[in-house]
Asker: 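One structure is given below, represented as structure tokens, and several questions about it will come after.
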Amino acid sequence: MSSSGPVDCRYRLDTTSSATLALPDGRKLGYAEYGALTGQPIFYLHGFPGSRLEATALDHVASRVGARIIAIDRPGFGWSSPHKNRTLLSHAQDVEALANHLRLQQYGVLGISGGGPYALACARSLPADKLRTVSIVCGLGSPDMGYGGMNWFSWVGWTFGARMFPGICRWWFSREPGARLDLSDEERMRRLRKDFEKDKAKMNPKDVAVFGDMDFMWMHLRSSREAFGQGMDGFSDDFRLLNADFGFRIEDIRKDLPVQLWHGRLDTYVPLQHGEKVAARLGDNAHLRVSDDTHASIWADRKEEYLGELVRAMKA
């Protein structure tokens, strides 16, 4: 079996839709396109850790609703070069460079989980005449919002790990099946299945339905192969940035930009209070949608809703 995964997987796991852009400073920016290639352009900012291939899960739905998904690797992930001393706002500049390269007159931004802060950076800095709308699904807030409501493991990691024990966190995640690129995909899958079977009794049934799906597992392993293909530095840089001052105030995001926030009441990875506090700081231009979902289920089960709303906002 190749690193592309099984031939019968319902997700596209190859790189035929992927490309790179040479940035002015000599770095490469990796990206992939999914969905309706003549549809409304939406930049997809992946979770933490992750890669552009994460967006393959949106391919079919995006085609149905008329969304052109342009998924970008952050520096040090996938096909994107590392970027020393990068910031949330510097990645927004990379997004703008790609938008100019693709000659997009208007576009939207979709941030997922750890991609949420990067979506906020785009909302803060991208040109008002081109960025029409932003959507954030189960998005992480700023560290000053606190981490109450997270599961114990996540709470410890975000409260102490990123600041006090980054080396231990890096080592811990390097042991996960997704990061074990020294192993065959078959062995990585065996270990992932074993971990899932051990943990599923403690998981919410909605998470079991998502994480236990074999096609999702193959997509996760394929995206992880990209996420850790350059080593652990991309992970470490992201962990540090997401746990530091954003470099801008959410309150200063322009008030004429519609921002949709989607959050699950049952989310124990990024608690609902983050969505509520981001919405409060954004003010009247924010629309917070809360449902009885987990971190995984709101991303997986409501994709037609949040993509459809993005397309409608682009056309408004």
Side-chain angles (χ1 to χ4, degrees), residues 1-6 8-11 13 46-51 53-54 56-57 77 112-114 137-138 140 147-162 164-229 231-232 234-236 238-239 242-243 263-272 292-302:
M1 185 180 296
S2 73
S3 62
S4 294
D8 59 347
C9 182
R10 70 179 184 273
Y11 301 127
L13 302 181
H46 62 73
F48 165 74
S51 78
L53 298 189
E54 184 181 289
T56 185
F77 292 109
I112 304 293
S113 188
V137 179
C138 57
L140 190 69
Y147 300 112
M150 285 187 174
N151 63 65
W152 182 86
F153 183 81
S154 297
W155 182 86
V156 169
W158 288 104
T159 304
F160 301 109
M164 301 172 64
F165 308 107
I168 293 176
C169 291
R170 179 186 175 110
W171 169 80
W172 181 271
F173 274 90
S174 72
R175 299 165 60 251
E176 292 292 303
R180 290 296 306 273
L181 304 191
D182 57 313
L183 303 174
S184 69
D185 283 351
E186 291 85 353
E187 177 60 17
R188 294 167 73 222
M189 174 58 80
R190 187 191 71 78
R191 294 186 182 205
L192 187 63
R193 290 289 305 176
K194 181 180 178 181
D195 288 350
F196 170 75
E197 292 298 330
K198 180 179 67 175
D199 295 339
K200 72 177 184 180
K202 299 175 289 185
M203 296 168 62
N204 185 290
K206 293 190 175 185
D207 279 338
V208 171
V210 177
F211 293 132
D213 177 78
M214 285 296 294
D215 288 346
F216 175 88
M217 287 187 173
W218 280 117
M219 184 276 291
H220 167 72
L221 289 178
R222 183 65 187 91
S223 180
S224 295
R225 181 168 288 280
E226 295 287 326
F228 298 106
M232 296 295 296
F235 165 87
S236 295
D238 237 23
F239 201 22
L242 295 174
N243 199 251
H263 228 102
R265 292 187 183 89
L266 308 177
D267 193 335
T268 61
Y269 291 89
V270 178
L272 174 58
D292 290 325
D293 278 294
T294 64
H295 195 69
S297 72
I298 197 167
W299 172 79
D301 298 341
R302 297 192 180 272

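The first residue in the sequence is number 1, and the count goes up from there.
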Asker: Which atom pair, heavy atoms only, marks the closest approach of A227 to S51?
Answerer: N-CB, 4.1 Å

Asker: Below 4.5 Å, heavy atoms only, C-beta onward: do F77 and D238 meet side chain to side chain?
Answerer: yes

Asker: State the NZ-NZ distance between K198 and K194, to the nearest 0.5 angstrom.
Answerer: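 It is 7.5 Å, given to the nearest 0.5 Å.
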
Asker: Mind checking the CG-OG1 spacing from D301 to T294? Nearest 0.5 Å is all I need.
Answerer: 7.5 Å

Asker: So which heavy atom on W155 is nearest to which on G148, and how close?
Answerer: CD1-N, 4.3 Å

Asker: How about F211 and H220: do any of their side-chain heavy atoms sit closer than 4.5 Å?
Answerer: no

Asker: Would you find a donor on one side and an acceptor on the other, under 3.5 Å apart, between the side chain of H46 and the backbone of I112?
Answerer: no

Asker: Passes salt bridge (charged side-chain N to carboxylate O under 4.0 Å, His left out), K206 versus D292? Steps please.
Answerer: CA-CA 10 Å; K206 293 190 175 185; D292 290 325; over 6 Å; no

Asker: Relative to W172, does R175 satisfy both conditions: NZ or CZ under 6.0 angstrom from the six-membered ring centre, and within 45 degrees of the ring's axis?
Answerer: yes

Asker: Check S154 against Y269 and note the closest heavy-atom contact, atom names and distance.
Answerer: OG-CD2, 3.9 Å

Asker: Please examine the side chains of R222 and R225, heavy atoms only from C-beta on, and report whether any two atoms are closer than 4.5 Å.
Answerer: yes

Asker: Just verifying a value: how many Å separate C9 SG and F216 CZ, rounded to the nearest 0.5 Å?
Answerer: 11.0 Å

Asker: Go through the steps to decide whether M219 and L13 satisfy the test side chain to side chain contact (heavy atoms under 4.5 Å, CB included), and finish with yes or no.
Answerer: CA-CA 7 Å; M219 184 276 291; L13 302 181; 4.1 Å; yes

Asker: Hey, can you tell me if F235 and F239 have their rings parallel, tilted or perpendicular (30° and 60° cut-offs)?
Answerer: tilted

Asker: Using 4.0 Å as the upper bound for N to carboxylate O, is an ion pair formed by R191 and E187?
Answerer: yes

Asker: Evaluate the criterion side chain to side chain contact (heavy atoms under 4.5 Å, CB included) for residue pair W158 and L242; output intermediate values, then yes/no.
Answerer: CA-CA 9 Å; W158 288 104; L242 295 174; 3.8 Å; yes

Asker: Find the distance between CG (L140) and NE2 (H295) and round it off to the nearest 0.5 Å.
Answerer: 8.5 Å

Asker: So which heavy atom on L272 is nearest to which on G264, and how close?
Answerer: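 Answer, listing the atom of L272 first, then G264: CB-O, 4.1 Å.
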
Asker: For S224 and R188, run side chain to side chain contact (heavy atoms under 4.5 Å, CB included): C-alpha distance rounded to whole Å, both residues' side-chain angles, the deciding distance at 0.1 Å, then the answer.
Answerer: CA-CA 11 Å; S224 295; R188 294 167 73 222; 3.8 Å; yes

Asker: For the residue pair W218 and Y11, establish whether any side-chain heavy-atom pair is separated by less than 4.5 Å.
Answerer: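 SC-SC contact between W218 and Y11 ruled out.
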
Asker: Using 0.5 Å steps for rounding, measure from the CD1 atom of I298 to the CZ atom of R265.
Answerer: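 Nearest 0.5 Å value for the CD1-CZ distance: 10.0 Å.
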
Asker: So S113 and V270, side chain to side chain contact (heavy atoms under 4.5 Å, CB included) or not? Walk me through it.
Answerer: CA-CA 7 Å; S113 188; V270 178; 4.3 Å; yes

Asker: How many angstroms lie between CZ in F160 and CD1 in I168, if you round to the nearest 0.5 Å?
Answerer: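 Reported to 0.5 Å precision, the distance equals 13.0 Å.
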
Asker: Between E54 and P49, what is the shortest heavy-atom contact and its length?
Answerer: OE1-O, 4.4 Å

Asker: What heavy-atom pair brings A300 and V210 nearest, and what distance separates the two atoms?
Answerer: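 Of all heavy-atom pairs spanning A300 and V210, the closest is CB-CG2, 3.9 Å.
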
